[in-house]
Amino acid sequence: MFGRIDHVGVAVADLDEALDLYATAYGMVAAHRETVAQQGVEAVLLDVGENHVELLRPLSEETPVGKFMARRGPGLHHVAYQVDDIDAALRRLQDQGLRLIDATPRTGIRNSRVAFLHPTASGGVLTEIVEPASESEMHAA
Ligand code: CO
């Protein structure tokens with residue numbers, strides 16, 4: 001069902017400070033920066049081969065990532081798997097009785113369609129599935 005890991009999400013307090021590590025020290029290319037209001041974050045995608053690291057700065061303490069950081073501090077936040085058809089993937093997961101945070105997809109970074117599984121459904125790992133936008137849709141935002 002999952003094509004590959006699309007990205008790992010990392011919660012950070014300061015994006016520019018984090019970019020010093022990921023872009024400057026690690027030499028990753030910051031491919032995209034966007035405020036995703038629906039998820040309450042400002043995010044940066046960095047390329048690592050075909051995959052990405054997604055740095056997430058919460059827009060406020062009341063957002064999901066803000067609450068996560070208040071509880072656990074900055075660090076690894078979620079793993080995202082890529083799917084071709086997110087509607088079909090969600091149906092399959094639901095048919096298996098897995099608890100979902102999002103029963104229907106919402107808009108993620110770069111016009112992707114995303115949905116989160118509940119961490120209790122996935123062994124404590126917050127898990128996201130992503131159907132990327134087509135090349136033309138990616139730049140339509
Ligand atoms: Co993500």
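Everything quoted here is computed from the prediction, not taken from an experiment. Just so you know, ligand 1 is whichever comes first in the structure, and atom 1 is the first atom listed for that ligand.
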Would you mind checking if Asp16 and Arg33 are paired as a salt bridge, meaning a charged N to carboxylate O distance below 4.0 Å?
yes
Would you call Glu50-Arg4 a salt bridge at under 4.0 Å N-O?
yes
Within a strict 4.5 Å, meaning less than it, do heavy atoms of the Ile101 and Leu117 side chains meet?
no
Do the ring centers of His78 and His7 come within less than 6.0 Å of each other?
yes
Write the atom name of the N, O or S atom in Glu128 that is nearest the Co ion (ligand 1).
OE1
Flag His7 as yes if one of its N/O/S atoms falls below 2.8 Å of the Co ion (ligand 1), otherwise no.
yes
Tell me which N, O or S atom from Glu54 is the closest to the Co ion (ligand 1).
OE1
